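Below: one structure, written as structure tokens.
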Amino acid sequence: MLSLEFIRKNPDAVRRAAQLKGEPAPVDEILRLDGVWRGHLHKAETTKAEQNELSKQFAKSRDESLKERLRQMADTAKSELAVADAVKRELDDLLLRVPNVFHESVPVGESEAENVVVREWGSKPDLGFAARTHYDLGEALGILDFERAVKIAGSRFAFLVGEGARLERALVQFMLDVHTREHGYTEVWSPLLVNSAAMTGTANLPKFADQLFKVEGRDLWLIPTAEVPVTNYHREEILDADQMPIKYVCYAPSWRTEAGAAGKDTRGFIRLHQFSKVELVKVTTAETSLDEFERLTRDAEDILQRLGLHYNVMLMCTGDMGFAQYKKYDLNAWAPGLDRYLEVSSCSTFNDFQAMRANIRYRPERGAPPRFAHTINGSGLALTRTIDAIIETYQRSDGMIAVPEALKPYMGGVELIGAR
RNA sequence: GGGGAGGUGGCUGAGUGGUCGAAAGCACCCGCCUGCUAAGCGGGUAGGGGGUGUAAAGCUCCCUCGAGGGUUCGAAUCCCUCCCUUCCCGCCA
């Protein structure tokens with residue numbers, strides 16, 4: 001969230017950022033309630049101060065004639081505070097609904113059409129024959145099964161079978177190994193159900209409740225990304241600056257309702273209610289967050305390069321970047337069969353927006369007052385669509401799929417999927 | 001699931017109605033002392049919010065002893081609800 005203080009001092013900047021993001025922002029209502037809140041709070045606190053003073057006198061003198069005044073003061077302080085608290089709750093709720101501002105390097109734009117490709121790696125492969133889609137190939141090879149998933153769970157679910165499931169496991173191992181051994185991340189295994197406080201910390205609540213699966217009758221939600229539990233790992237903590245940046249990598253399944261995506265990507269292994277992801281999360285100081293964000297993006301890109309997949313890096317424009325993000329890159333891998341790019345990673349930095357919600361702070365130096373940390377995350381990578389890109393990029397004219405060099409050590413001797 | 005114990009500052013741990021945001025110890029910081037280090041001596045060290053201030057500093061007030069309610073002029077201390085930790089029993093991958 002943005003702090004009340006920041007909104008007080010920069011109401012126009014907040015309004016402008018929200019408008020360019022295409023998000024509503026109740027700035028006027030916040031400023032109004034802020035005045036009301038402070039009025040009642042001030043009254044409550046001054047009354048309380050008088051009461052405390054007189055109460056001390058009473059403790060000494062036991063002068064019963066003071067009691068009636070004390071009682072009145074207590075009543076006044078209590079009722080004023082009750083009003084102040086009620087207004088503050090309303091205010092806090094509105095604050096959670098104000099979108100983040102964005103970095104000056106973010107292009108202004110309304111839709112994905114105004115996103116900017118900042119770099120590309122590799123080129124579209126020339127297969128020498130008509131490329132088939134991953135779902136066509138996958139079903140033919142028996143490594144992807146959508147029909148049976150419908151029977152078990154419904155649409156937007158899938159089974160990976162045999163060498164398909166093995167491919168997913170190989171990718172997970174490969175990515176975790178690279179990020180832990182070469183990029184310096186600490187591996188984390190986390191709860192896959194989290195409470196509302198955690199969801200609020202990463203800004204999935206209150207605005208995006210309809211995107212989440214909820215456990216009936218309990219304050220537990222299925223995570224839409226490991227970003228939620230891992231970022232919240234340090235909630236309510238004050239960290240030491242010298243232990244930062246903190247870097248975690250976490251493999252976890254993710255669940256999303258895909259509300260609002262009806263009819264979109266219904267075909268194929270692209271947009272599912274459940275998918276796997278290796279997630280990168282950093283908690284950094286204010287000074288280093290932009291650099292660390294660039295590095296995290298490169299760490300994710302490194303996986304694509306090692307897999308030999310053509311991709312681009314796209315800088316999201318204001319209208320396409322989202323409520324909480326301060327700056328965001330998407331990594332899009334080329335899928336020759338689909339003849340389009342697939343978003344395999346989304347890397348974002350949040351400034352102190354999430355840290356403020358989750359109350360993650362650090363002490364810049366010994367004895368200094370705590371500051372809010374900066375949080376960063378990105379997929380490194382999403383498994384589902386990476387598998388699509390691999391299948392379509394490494395397909396052969398005979399319908400079999402070559403295993404990328406980097407994955408061979410993880411495939412238990414399988415070098416060609418479909419050969420058996 | 002049943003029963004017992006317990007949640008206090010960075011840590012350990014006192015504190016059962018007022019003078020307690022909180023003894024003491026540890027840790028850490030600043031001085032002094034000292035060939036150097038250690039020891040010793042003195043001082044300091046929680047977080048949040050409001051007001052004032054151009055701002056920083058400062059001053060001042062309020063809140064916070066797991067969370068939320070309640071009793072009381074006054075609550076870390078009494079009462080209620082919830083959460084969590086731990087031990088014993090039961091169950092279980």
Side-chain angles (χ1 to χ4, degrees), chain A residues 1-13 30-96 189-201 205 215 217-221 229 232-244 246 253 283 286 352-373:
Chain A
M1 61 195 263
L2 298 175
S3 72
L4 190 49
E5 187 187 6
F6 181 82
I7 296 174
R8 265 180 214 146
K9 287 179 179 164
N10 310 281
D12 292 332
I30 285 170
L31 294 177
R32 188 184 71 78
L33 288 176
D34 180 39
V36 175
W37 168 60
R38 284 195 284 177
H40 287 287
L41 184 63
H42 189 66
K43 175 73 174 161
E45 288 189 349
T46 50
T47 307
K48 188 72 186 171
E50 288 168 23
Q51 185 200 340
N52 287 345
E53 191 51 44
L54 195 61
S55 191
K56 275 181 204 162
Q57 284 182 32
F58 176 83
K60 282 184 201 136
S61 66
R62 298 288 161 171
D63 179 354
E64 291 291 321
S65 70
L66 296 175
K67 266 209 163 183
E68 183 51 32
R69 266 178 73 201
L70 279 165
R71 223 173 258 133
Q72 280 175 13
M73 284 176 176
D75 283 351
T76 304
K78 200 172 186 177
S79 62
E80 285 294 327
L81 192 62
V83 176
D85 284 349
V87 174
K88 187 60 162 55
R89 271 195 295 275
E90 209 178 322
L91 193 51
D92 287 341
D93 183 64
L94 288 178
L95 283 174
L96 291 176
W189 180 84
S190 100
L192 307 177
L193 292 166
V194 302
N195 60 28
S196 297
M199 283 293 188
T200 305
L205 287 177
V215 176
R218 304 197 54 168
D219 182 32
L220 286 173
W221 308 73
N232 278 285
Y233 186 66
H234 291 294
R235 66 179 291 110
E236 310 289 341
E237 290 183 22
I238 300 176
L239 306 159
D240 291 329
D242 55 18
Q243 68 185 103
M244 298 163 93
I246 295 170
V283 181
D352 58 7
F353 191 83
Q354 289 183 327
M356 218 174 265
R357 289 169 163 252
N359 200 19
I360 304 166
R361 292 172 293 173
Y362 69 100
R363 232 177 263 287
E365 53 197 78
R366 197 184 296 283
R371 295 179 65 181
F372 285 107

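Protein chains get the first letters and strands the later ones, always in sequence-line order, with residue 1 at the start of each. Because the structure is predicted, anything quoted here is derived from the model rather than measured.
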Checklist outcome for this item: Across all chains, not counting sequence neighbours, the side chain to side chain contact (heavy atoms under 4.5 Å, CB included) partners of A:Asp12 are A:Arg15
Item to check | Test side chain to side chain contact (heavy atoms under 4.5 Å, CB included) applied to A:Asn359 - qualifying residues, sequence neighbours left out | outcome: A:Glu236, A:Arg361, A:Phe372
Item to check | A:Pro253 to A:Leu192 - nearest heavy-atom pair and separation | outcome: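 Closest approach of A:Pro253 to A:Leu192: CG-CD1, 3.8 Å.
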Checklist outcome for this item: Heavy-atom contacts, protein to nucleotides 7-12 of chain B, under 4.0 Å, summarised as B (base), S (sugar-phosphate only) or - (none) per nt, yield ------
Item to check | Sequence-aligned protein contact record of nucleotides 54-66 of chain B, with B where the base is within under 4.0 Å of a protein heavy atom and S where only the sugar-phosphate is | outcome: -------BBS---
Donor-acceptor pairs are to be reported for all side-chain atoms of residues 41-49 of chain A against protein atoms at under 3.5 Å, with residues two or more places apart or in another chain.
residue	atom	partner	partner atom	Å
A:Thr46	OG1	A:His42	O	3.0
A:Thr46	OG1	A:Lys43	O	3.1
A:Thr47	OG1	A:Lys43	O	2.7

Checklist entry - At under 4.0 Å between heavy atoms, what does A:Arg89 touch on the DNA or RNA strands: base, sugar-phosphate, or nothing? => result nothing
Next on the checklist: Applying a 4.0 Å non-hydrogen cut-off, can you work out what A:Glu68 is touching in the nucleic acid: base, sugar-phosphate, or nothing?
Outcome noted: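 Result for A:Glu68 = nothing.
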Side-chain atoms of residues 73-82 of chain A: list all donor-acceptor pairs with protein atoms under 3.5 Å, sequence neighbours left out, distances to 0.1 Å.
residue	atom	partner	partner atom	Å
A:Thr76	OG1	A:Gln72	O	3.0
A:Ser79	OG	A:Asp75	O	3.2
A:Ser79	OG	A:Thr76	O	3.1
A:Glu80	OE1	A:His40	ND1	2.7

Next on the checklist: Nearest 0.5 Å, please: how far is OG in A:Ser3 from NZ in A:Lys9?
Outcome noted: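 Spacing of NZ (A:Lys9) from OG (A:Ser3) equals 8.0 Å.
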Checklist entry - What integer number of Å spans the P atoms of B:U34 and B:G17? => result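 To the nearest whole Å, 50 Å.
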Item to check | Side chain of A:Arg361 - closest among B:C73, B:G18, B:G47 | outcome: B:G47
Checklist entry - Of the nucleotides B:U71, B:G50, B:C73, which one has an atom closest to the side chain of A:Lys78? => result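 Minimum distance to the A:Lys78 side chain belongs to B:U71.
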Checklist entry - Just to confirm, is there a sub-4.0 Å distance from OP1 or OP2 of B:C73 to any side-chain nitrogen or oxygen of A:Arg69? => result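 Answer no for this pair, as no side-chain N or O of A:Arg69 is under 4.0 Å from OP1 or OP2.
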Checklist entry - Does any nucleotide pair with B:C65 by Watson-Crick or G-U wobble geometry, both distances under 3.5 Å, and what is it? => result none
Item to check | Pair assignment for B:G1, Watson-Crick or G-U wobble, requiring both distances under 3.5 Å | outcome: B:C89
